[in-house]
Protein chains: 2
Amino acid sequence: MASDHTRSAILAAAERLYADRGFGDVTLRDIVAEAGVNLAAVNYHFGSKDELIAELFVTRSVQTNRERLRELKAAEEEGGGRAPIEVILRALVGPTLRGCLGPENQRSTAARFMIRASIESVPPIRRIKNREIDHLRKFVGAMRRALPERSDVDIYWGLNFALAMAHHTIRESERLTKLSEGKCDLDDVEDVVARVVSVATMALTAGKAEAKAPARALARDAR
Amino acid sequence: MASDHTRSAILAAAERLYADRGFGDVTLRDIVAEAGVNLAAVNYHFGSKDELIAELFVTRSVQTNRERLRELKAAEEEGGGRAPIEVILRALVGPTLRGCLGPENQRSTAARFMIRASIESVPPIRRIKNREIDHLRKFVGAMRRALPERSDVDIYWGLNFALAMAHHTIRESERLTKLSEGKCDLDDVEDVVARVVSVATMALTAGKAEAKAPARALARDAR
DNA sequence: TTGCAATTCAAACGCTTGTATGAAACTATC
DNA sequence: GATAGTTTCATACAAGCGTTTGAATTGCAA
């Protein structure tokens with residue numbers, strides 16, 4: 001089994017290069033040069049380039065998913081099997097946003113890699129994302145419990161919009177910064193989380209009893 | 001100038017192939033075979049592969065942008081220089097959604113091409129999207145006029161979330177259908193538009209006077 | 001130390017890609 | 001109907017890619 005040195009050097013180099021330059025123009029030769037290993041090592045240890053990318057993405061996304069479920073479970077246990085919708089939504093989008101946003105200079109390689117994965121979406125990554133549905137169903141279940149009078153259709157749309165706001169904000173963070181001339185502070189991650197959760201909560205609760213508080217205001221003072 | 005036959009045959013074939021199989025695995029040789037023209041014709045008429053892709057995307061996106069601005073202008077003129085926020089948002093997301101969603105079997109090649117462009121985002125397309133900011137500023141202006149008491153930051157976030165919901169729904173329409181086991185009807189485009197507009201309106205008006213109507217209901221019967 | 005499996009290595013393979021070339025075939029003008 | 005300009009064509013090019021090969025090296029167990 002040796003020391004795994006070569007294997008992890010490849011993983012680290014690949015993640016760094018993909019994060020910096022995207023999947024499109026990073027070749028295996030770039031990766032092995034950065035890692036200081038032989039070209040054939042990639043195929044020896046991973047089988048193929050796609051499997052290398054897949055392993056990188058799987059590693060990072062199970063981390064995020066685990067964090068999501070941890071928050072969800074904690075919230076539901078605290079509430080005796082039923083968590084408030086805001087907290088569920090926060091468990092859904094919080095880990096992703098925290099993992100990908102934040103001050104650029106202190107953004108981890110992993111974070112930058114996941115942003116790339118979100119923007120470019122190469123085949124091996126897409127294949128993995130398609131298997132994420134079971135994971136999302138757990139959130140659907142929790143949301144149903146939190147909003148028993150809401151129709152399934154509304155639940156699905158609410159979930160879709162929550163993910164939409166989180167992922168799009170990550171993907172287009174640069175554009176939003178430019179459009180707003182810096183007025184939208186994407187480094188204040190908790191403010192972003194609060195905004196997304198607030199809007200998603202409104203989407204899910206509008207029309208019945210109206211969200212307890214204006215929701216925005218209460219989420220706001222994290223700032 | 002001849003008949004332009006070759007040029008447009010290439011454009012049509014390229015759009016069709018990209019729409020069907022994505023940018024990743026369509027080569028120039030595939031395109032010229034489909035178009036029934038010579039390989040060198042692409043470089044003769046377009047200069048390079050990237051310029052061909054760029055021309056395809058520019059053509060389609062100026063169509064969408066023109067439609068957006070037409071709706072926006074009509075609404076503002078009708079309201080004497082100030083349109084209701086719902087109508088502005090509808091002008092923003094309506095054309096895109098109508099252009100990309102709808103029953104799959106009657107979805108135009110152009111629509112499927114734009115969905116691909118939204119998912120895969122190759123370099124020449126990304127370059128063009130980055131120049132879209134000026135276009136968005138016109139909507140920022142309209143939104144400011146509609147909601148003069150709202151801060152710029154809130155306006156930008158509202159715009160961001162509206163685009164997020166529209167684009168993400170397009171990108172992930174397949175996943176949403178699968179997750180909801182068909183309960184979310186993505187072929188009912190006007191319902192999707194109404195949902196996005198409704199949520200975005202709430203996001204932009206929450207905390208002050210509360211959106212006049214549940215917004216959803218009134219937008220609903222467009223169908 | 002010997003033997004064996006795991007790992008590393010340089011080199012090459014085979015294929016595909018976008019692009020360039022220069023001759024041939026048109027088209028229209030005078 | 002010769003001429004000039006445009007467009008098409010077969011073909012080749014050069015580069016880059018992921019992958020494979022088989023020999024060399026290493027590390028560990030007997």
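Below, chain A is the first sequence line, B the second, and so on; all start at residue 1. Quick caveat, the model's predicted, so the values are computed rather than measured.
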**Student:** Whole-Å distance between D:dT7 P and B:I10 CD1?
**Tutor:**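 Going from B:I10 (CD1) to D:dT7 (P), I get 12 Å.
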**Student:** Please tell me which of A:N43 and B:L39 maps to the more 5' nucleotide of DNA chain D, matching each residue to the nucleotide holding its nearest heavy atom.
**Tutor:**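 Here B:L39 is the residue nearer the 5' end.
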**Student:** Check the phosphate of D:dG16 against A:T27, side-chain N and O only, distance under 4.0 Å to OP1 or OP2. Yes or no?
**Tutor:**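 Result: no.
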**Student:** Please classify the nucleic acid contact of B:A41 as base, sugar-phosphate, or nothing, using heavy-atom distances under 4.0 Å.
**Tutor:**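 If one applies the 4.0 Å heavy-atom cut-off, B:A41 turns out to touch nothing in the nucleic acid.
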**Student:** Rounded to the nearest angstrom, tell me the gap between atom NE2 in B:H5 and atom P in D:dT6.
**Tutor:** 21 Å
**Student:** CG of A:L52 versus C1' of D:dC17: gap in Å, rounded?
**Tutor:** 15 Å
**Student:** Measuring from the side chain of A:T6 (C-beta onward, heavy atoms only), which nucleotide among C:dC9, C:dT21, C:dT8 has the closest atom?
**Tutor:** C:dT8
**Student:** Taking only side-chain N and O atoms of B:S48, does any of them lie within less than 4.0 angstrom of OP1 or OP2 on C:dG18?
**Tutor:**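 So the side chain of B:S48 is outside the cut-off, no N or O lying under 4.0 Å from OP1 or OP2 of C:dG18.
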**Student:** Only one of A:V197, A:D191, A:V199, A:V192 clears side-chain contact (heavy atoms from CB on, under 4.5 Å) with A:R195; which?
**Tutor:**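 Of the listed residues A:V197, A:D191, A:V199, A:V192, the side-chain contact (heavy atoms from CB on, under 4.5 Å) partner of A:R195 is A:D191.
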**Student:** What integer distance in Å separates B:D50:CG from C:dG18:C1'?
**Tutor:**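 These atoms are roughly 10 Å apart.
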**Student:** Report yes if the distance between the aromatic ring centroids of B:F113 and B:F23 is under 6.0 Å, otherwise no.
**Tutor:**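 So the answer is yes for these two rings.
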**Student:** Report the distance from atom CZ of B:R7 to atom C1' of D:dT6, rounded to the nearest whole Å.
**Tutor:**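 To the nearest whole Å, that distance equals 15 Å.
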**Student:** So, under a plain 3.5 Å distance rule, would you say the side chain of A:R29 forms a donor-acceptor pair with the base of D:dG16?
**Tutor:**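 Side chain to base: no pair below 3.5 Å.
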**Student:** How close or far is atom P of C:dT17 from atom CD1 of B:I31, stated in whole angstroms?
**Tutor:** 11 Å
**Student:** With a 6.0 Å cut-off (strictly less than), is the heavy-atom count around CD of A:Q63, excluding the residue itself, greater than 12?
**Tutor:** yes
**Student:** Please determine, by modelled atom types, if B:S180 and A:D152 share a side-chain donor-acceptor pair under 3.5 angstrom.
**Tutor:** no
**Student:** Does B:N38 make a side-chain N or O approach to OP1 or OP2 of D:dT7 shorter than 4.0 Å?
**Tutor:** no
**Student:** Between B:H45 and D:dT8, is there a contact of a side-chain N or O with OP1 or OP2 at under 4.0 Å?
**Tutor:** yes
**Student:** Checking A:S121 against B:R171: is there a side-chain donor and acceptor pair closer than 3.5 Å?
**Tutor:** no
**Student:** If I take atom CG in residue A:L28 and atom P in nucleotide D:dC17, what distance separates them, rounded to the nearest angstrom?
**Tutor:**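 Nearest whole value for this atom pair: 9 Å.
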**Student:** Please pick, from C:dT8, C:dT19, C:dT21, the nucleotide with the shortest atom-to-atom distance to any side-chain atom of B:K49.
**Tutor:**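 Closest nucleotide to the B:K49 side chain: C:dT19.
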**Student:** Taking atom P of D:dT7 as reference, at what distance in whole Å does atom CG of B:D4 sit?
**Tutor:**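 B:D4 atom CG is separated from D:dT7 atom P by 9 Å.
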